[in-house]
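Quick caveat, the model's predicted, so the values are computed rather than measured. Just so you know, these numbers use all the heavy atoms, side chains as well, and skip hydrogens, waters and symmetry mates. Residue indices begin at 1 and follow the sequence shown.
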Amino acid sequence: MNIDDLINQIEDIIEEGKHPFGGSKVKVDGDAIRSILSDLRVGLPDEVIKARQIASERKAILSQANDTAEVKIRQAEAQARKLVEEHEITKQAELNAAEIIAEAKNQAADIIEKAKANSNEIVDNAQKWASDLRSSASSFVETIMSESDDILAQSIEDFTKSLNKVRIANQQLKSVTVKKSVQ
């Protein structure tokens with residue numbers, strides 16, 4: 001028999017009991033109840049043991065669940081701290097990157113400005129050098145032309161003098177030849 005059947009039997013005994021003097025008290029068969037209580041004690045330990053085991057297992061499961069939950073909570077908190085730190089590191093890295101980029105842009109602008117200034121100076125120097133070279137070349141050509149004109153004029157003058165000497169010599173030769181022939 002199980003405990004429920006034994007409890008039902010106790011209830012039946014109470015129901016069948018007599019109410020002496022019409023009160024709420026009941027007169028029952030004590031031996032029958034003792035026998036049922038004895039059966040209950042015999043049958044009770046298995047169910048009580050099972051209940052105690054279930055309660056103990058429940059406590060162990062709850063304790064393990066609480067421990068697991070605490071571990072998970074600590075892990076989640078650590079992960080949250082890590083994410084916050086990583087976010088802060090990322091924000092700091094982004095700020096540093098922005099500063100580096102701004103500095104690089106400023107340096108690039110300075111380099112470009114200096115390069116433009118240098119290239120303008122080089123172009124100006126090259127134009128001045130080219131102008132000086134043209135001027136020198138022009139002056140040289142004019143000098144050469146002037147000297148060539150002088151040399152050419154001198155050569156023509158020398159040639160004219162030589163030609164005149166040849167004419168004079170030719171005339172003298174003719175006059176000597178005519179004199180020789182007349183003689």
Side-chain angles (χ1 to χ4, degrees), residues 1-140:
M1 255 189 205
N2 68 23
I3 292 176
D4 286 335
D5 290 338
L6 295 172
I7 291 173
N8 286 339
Q9 283 181 7
I10 291 174
E11 286 176 346
D12 289 343
I13 291 173
I14 292 173
E15 289 292 322
E16 292 173 0
K18 299 182 183 168
H19 294 282
F21 310 113
S24 62
K25 293 185 179 182
V26 178
K27 186 177 181 183
V28 292
D29 182 0
D31 290 334
I33 289 184
R34 280 189 202 95
S35 172
I36 294 171
L37 288 174
S38 177
D39 290 344
L40 269 174
R41 282 192 184 102
V42 171
L44 186 61
D46 288 341
E47 294 193 16
V48 169
I49 289 171
K50 286 179 187 176
R52 285 182 183 156
Q53 285 175 344
I54 290 171
S56 177
E57 288 173 5
R58 180 180 174 261
K59 283 182 183 180
I61 290 170
L62 287 175
S63 176
Q64 184 179 6
N66 282 336
D67 292 346
T68 303
E70 286 180 28
V71 168
K72 293 290 183 185
I73 289 169
R74 277 187 250 120
Q75 288 174 345
E77 288 172 346
Q79 183 67 22
R81 280 191 301 275
K82 183 179 176 185
L83 289 173
V84 167
E85 289 172 7
E86 287 175 358
H87 180 68
E88 291 300 319
I89 290 169
T90 302
K91 281 171 79 176
Q92 188 60 41
E94 287 172 351
L95 289 173
N96 289 346
E99 289 174 5
I100 290 169
I101 289 170
E103 182 65 26
K105 284 181 180 178
N106 288 339
Q107 288 178 355
D110 289 345
I111 289 169
I112 289 170
E113 193 63 36
K114 287 177 183 175
K116 283 181 182 178
N118 286 343
S119 67
N120 288 339
E121 184 179 338
I122 289 169
V123 167
D124 290 345
N125 288 341
Q127 287 175 342
K128 184 177 185 279
W129 180 75
S131 176
D132 290 347
L133 189 61
R134 276 192 298 268
S135 178
S136 294
S138 178
S139 183
F140 178 73

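Remark: Leu62 CG to Asp67 CG distance equals 11.0 Å, nearest 0.5 Å. Rounding to the nearest 0.5 angstrom, the gap separating the NZ atom in Lys128 from the CG atom in Asp124 is 11.0 Å. Put simply, CD1 on Ile7 and CG on Asp12 are 12.0 Å apart, with the number rounded to the nearest 0.5 Å. Once rounded to the nearest 0.5 Å, the distance linking CG of Asn125 with CG of Asn120 reads 11.0 Å.
The side chain to side chain donor-acceptor pair (under 3.5 Å) contacts involving residues 101-113 comprise Glu103-Gln107, where partners must be two or more places apart or lie in separate chains. A side chain to side chain donor-acceptor pair (under 3.5 Å) check over residues 79-92, counting only residues at least two apart or in different chains, returns the pairs Gln92-Asn96.
For Gln75, the side-chain contact (heavy atoms from CB on, under 4.5 Å) partners at least two apart in sequence or on another chain are Val71, Lys72.
The backbone N or O of Gln64 sits less than 3.5 Å from a side-chain atom of Thr68, completing a donor-acceptor pair. One N or O on the side chain of Ser119 and one on the backbone of Lys116 form a donor-acceptor pair closer than 3.5 Å. Panel note: side chain Ser136, backbone Asp132; a donor-acceptor pair is recorded below 3.5 Å.
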### Task
Take Ile111 and Lys114, measure what side-chain contact (heavy atoms from CB on, under 4.5 Å) needs, and give me the verdict at the end.
CA-CA 5 Å; Ile111 289 169; Lys114 287 177 183 175; 5.8 Å; no
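Within the 4.5 Å cutoff, side-chain heavy atoms of Leu133 are placed close to those of Trp129.
In plain terms, the two heavy atoms of Ile10 and Ile36 that are nearest each other are CG1-CG2, 3.4 Å.
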